[in-house]
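One structure is given below, encoded as structure tokens.
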Amino acid sequence: MDFKGQVIQSLQQVLPVEMAPEKLNSLLEIPKSGKLGDLAFPTFILAKEMHQSPVEIAADLAKKIDAAAFEKVQAVGPYLNFFLDEQKFSQQILETILTQQAKFGEQDLGQGGNVPIDMSSPNIAKPMSMGHLRSTVIGNSLAKLLEKVNYQPIKINHLGDWGTQFGKLITAYKLWGSEEEVKKDPINKLLEYYVHFHQVDVKHPELDDQAREWFRKLEDGDPEAMELWKWFRKISLQTFMKVYDRLGVEFDSYNGEAFYNDKMAEIVEILADKGLLHESRGAQIVDLSKYHLNPALIKKTDGATLYITRDLAAAVYRKRTYHFVQSLYVVGSEQTNHFKQLKAVLHEMGADWSDQIHHIPFGLITSGGHKLSTRAGRVILLEKVLDDAVALAQKQIEQKNPGLKHKAEVAKAVGVGAVVFHDLKNNRMDNFDFNLEEVVRFEGETGPYVQYTHARAESILRKSGKNLGELPDQLRISSQINLEAWGIVKKLADFPTMIERAVTEYEPSVIAKYALHLAKAFNQYYAHNRVLNDDAGLNGRLALVEAVAIVLKEALRLLGVKAPDEM
RNA sequence: GCGCUUGUAGCUCAGCAGGAUAGAGCGACCGCCUCCUAAGCGGUAGGUCAUCGGUUCGAUUCCGAUCAAGCGCACCA
């Protein structure tokens, strides 16, 4: 039985009133300070019934309770504090971790169910920005977390590869572009044309007509338009792949908006058949007033489909193809209403799976307090940020550890790790104003801090010259456990719970914060205790170090961050 | 105007279904490398937890109102 169960059982034997185990379970809490114990029972609720002060009740219970199963049980003020048997508990948790290695923390919440994740989704012919980074790294981390608890994630890069902007792009390219220029620097050149278009069309609205015409041609399958579109898509994707490669992110599908071009008619038909489609101001809509939502625009006045039409087709396609148990969309919080509408329309269509759709929103990244805008040319280029971060990491290595092997590789892991970790450290919903120095910081609560801690642990293990994984009998914690080591052990034991929380809240930051806390605990231990002393406690300390290395590495992996053995 | 999100230290943020003196990091100041990587560790300074009410034995946490900020509010995605 687990510790909490033992506490509940012992409490039930001495409580003067009947209390269900579930009730007790919810009442028990973890004391703020480890010095106060490992679990506490507050006695306030008993005060009224027993006509006694909570302090007296706690003292009374402490006298009566059978403390055999615990290190000790102590009344402090109105609390009854329980202390774990540190020896036994430490040995048990360390053994578990060293045996399971990277599998530690795995659980079966998903029973293998498919979970498509709509993520990253950059627009063709536009550079990836920090906003895409958020969607990419949150989606990637959620995929790894879901896999860890036995779901089957399917990472879908829903590319923005269709829409009227291609009419504009083709127009701009025909007017000002050249093949050689684009080949040299694809995305930046295409972006340049696009931005230029928006600067010029303010004074020359006739350009918009040209753009509309080119998009119409594209939809009609005009060879020249199609050729250009395919080319733009191909070279854009090639550029994106370089970024994904650096981030270590892979996708299971690149089916973007264009993929659903031939799948929307069916949706419109279904909506019409069910009598859900109405005309309003010349457009075809689905009324959602009973959901307190704006109507969903299925078709524009000119008959063209819209964003939601495409997403409806995508949702239905994904259900049919993957038979998902959940379908996630890692998309900015500004689109919250869109996804409410999406779910509502699906519900109206009779899709009983509409509540399996979950929008995973995240906060906005601004620059100098302003919203980013590709049109206005106000972007934070992701590639540039990664370049800067890696260059800075390189510099740092030259300074701190010039003799290091595989410098370039480590610099990449640390630089990219800093950027990714920074994005995952805080609650998804937090907005933040972009600040390069903040993002590529290597000290304090950062990815490199966790990586460094892991590298320190690995370094000790290397120097010990032992292979602990093969020596389970010697994991005995023979020396007395000090407060620092005990703090680590308790954190290690929390890992599975943290994973569960991260998954149920769709919140990678739970893992990032956990990794920081564990790293902090280990660094405190490291600063005050020498591991490689040849005494009776050596094996126990090494077991602790290895367990920390395993869990830190695994936590970083779940965030999509590499953990070099040296740095 | 309506809806969603958010208001905790100078800055960036933690505070798991309310509970014991509100915690980190950065920045500031002061310490610690004859010892396993100082990308580290320790200390000092810094808070009416936006405001006002309500529920409760107890509220930073739950509810309501107010104020402030961000985002969204049909033919972009």
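Just so you know, these numbers use all the heavy atoms, side chains as well, and skip hydrogens, waters and symmetry mates. Chain letters run A, B, ... following the sequence lines, proteins first, then strands; residues in each count from 1.
Taking the P atoms as reference points, B:G1 lies 15 Å from B:A65, given to the whole Å. As rounded to the nearest Å, B:C26 and B:G3 have P atoms that lie 42 Å from one another. The P atoms of B:A69 and B:U60 are separated by 26 Å, rounded to the nearest whole Å. With P as the reference atom, B:U66 and B:U48 are 26 Å apart, rounded to whole Å. For the C1' atoms, the distance from B:U61 to B:A17 is 11 Å, rounded to whole Å. For the C1' atoms, the distance linking B:A74 with B:C62 amounts to 37 Å, nearest Å. Nucleotides B:U6 and B:C16 have their P atoms positioned 14 Å apart, rounded to a whole Å. A distance of about 24 Å separates the P atoms of B:C13 and B:G46, rounded to the whole Å.
Taking only side-chain nitrogens and oxygens, A:Tyr449 comes nearer than 4.0 Å to OP1 or OP2 of B:C41. When the side-chain nitrogen and oxygen atoms of A:Gln165 are compared with OP1 and OP2 of B:A77, none of them lie within a distance under 4.0 Å. Taking only side-chain nitrogens and oxygens, A:Arg441 never comes nearer than 4.0 Å to OP1 or OP2 of B:A39. For B:G72, one of the phosphate oxygens OP1 or OP2 lies less than 4.0 angstrom from a side-chain nitrogen or oxygen of A:Lys371.
Defined by atom type and a distance below 3.5 Å, a donor-acceptor pair is missing between the side-chain atoms of A:Arg541 and A:Asn533. Counting only N and O atoms by type, the side chains of A:Asp311 and A:His338 include a donor and acceptor under 3.5 Å apart. Residues A:Asp433 and A:Thr366 bring a donor and an acceptor atom of their side chains to less than 3.5 Å of each other. A donor and an acceptor atom, one from each side chain of A:Glu348 and A:Tyr291, are located under 3.5 Å apart.
Of the two residues contacting RNA chain B, namely A:Leu36 and A:Glu505, the nearest-nucleotide position lying further toward the 5' end is that of A:Glu505. For A:Ser33 and A:Tyr525, each mapped to the nucleotide of RNA chain B holding its nearest heavy atom, the one lying further toward the 5' end belongs to A:Ser33.
Under 3.5 Å, the side chain of A:Asp311 and the base of B:A77 form no donor-acceptor pair of N or O atoms. Side-chain to base pairing of A:Arg281 with B:A74: one donor and one acceptor N or O lie within less than 3.5 Å of each other.
Atom C1' of nucleotide B:G7 and atom CG of A:Asp433 are separated by 17 Å, given to the nearest angstrom. Distance CG (A:Leu306) to C1' (B:A74): 9 Å, rounded to an integer number of Å.
With a cut-off of 3.5 Å on both pairing distances, the Watson-Crick or G-U wobble partner of B:C71 is B:G3. Pair assignment for B:G10: B:C26, on the basis of Watson-Crick or G-U wobble contacts that are both within less than 3.5 Å. For B:C32, the paired base is B:G40 (Watson-Crick or G-U wobble, both distances below 3.5 Å). If you check B:G64 for Watson-Crick or wobble pairing at under 3.5 angstrom, you find it paired to B:C52. Across all strands shown, the partner of B:C57 is B:G19, judged by Watson-Crick or G-U wobble contacts whose two distances both fall under 3.5 Å.
Of the candidates B:C36, B:A14, B:G3, the closest approach to any side-chain atom of A:Asn427 belongs to B:A14. For A:Asp430, the side-chain atoms get nearest to B:C13 when compared with the rest of B:A74, B:A39, B:C13. Candidate nucleotides B:G70, B:A20, B:A39 were compared by shortest atom distance to the side chain of A:Met567, and B:A39 ranks first. Of all nucleotides listed (B:A14, B:A20, B:C36), B:A20 comes nearest to the side chain of A:Ala40. Minimum atom distance to the side chain of A:Asn431 is reached by B:G70, of the listed B:C16, B:C36, B:G70. Distances from the side chain of A:Lys520 to the nucleotides B:A39, B:G25, B:C35 place B:G25 closest. Among B:A39, B:C4, B:C57, the nucleotide with an atom closest to any side-chain atom of A:Lys400 is B:A39. Residue A:Gln335 places its side chain closer to B:A77 than to any other of B:C57, B:A77, B:C16. Minimum atom distance to the side chain of A:Phe432 is reached by B:C13, of the listed B:C13, B:C41, B:C36. Comparing atom distances between the A:Ser280 side chain and each of B:A74, B:C76, B:G40 picks out B:A74 as nearest.
Counting all heavy atoms, side chain and backbone alike, A:Asn401 lies closest to A:Met567 at ND2-O, 2.9 Å.
Between A:Tyr317 and A:Phe259, the ring centre distance stays below 6.0 Å. For A:Phe166 and A:Phe232, the ring centers sit 6.0 Å or farther from each other.
Within the nucleic acid shown, A:Ile397 comes within 4.0 Å of at least one base atom, counting heavy atoms only. Using a 4.0 Å heavy-atom distance criterion, A:Ile285 is classed as a base contact. A:Asp287 comes within 4.0 angstrom of nothing in the nucleic acid, heavy atoms only.
Considering only heavy atoms from C-beta on, A:Leu80 comes within 4.5 Å of A:Leu11 through its side chain.
Using a 90° window around 0 for the glycosidic torsion, B:C33 falls inside it and is classed as syn. Base orientation of B:A17: syn (glycosidic angle within 90° of 0).
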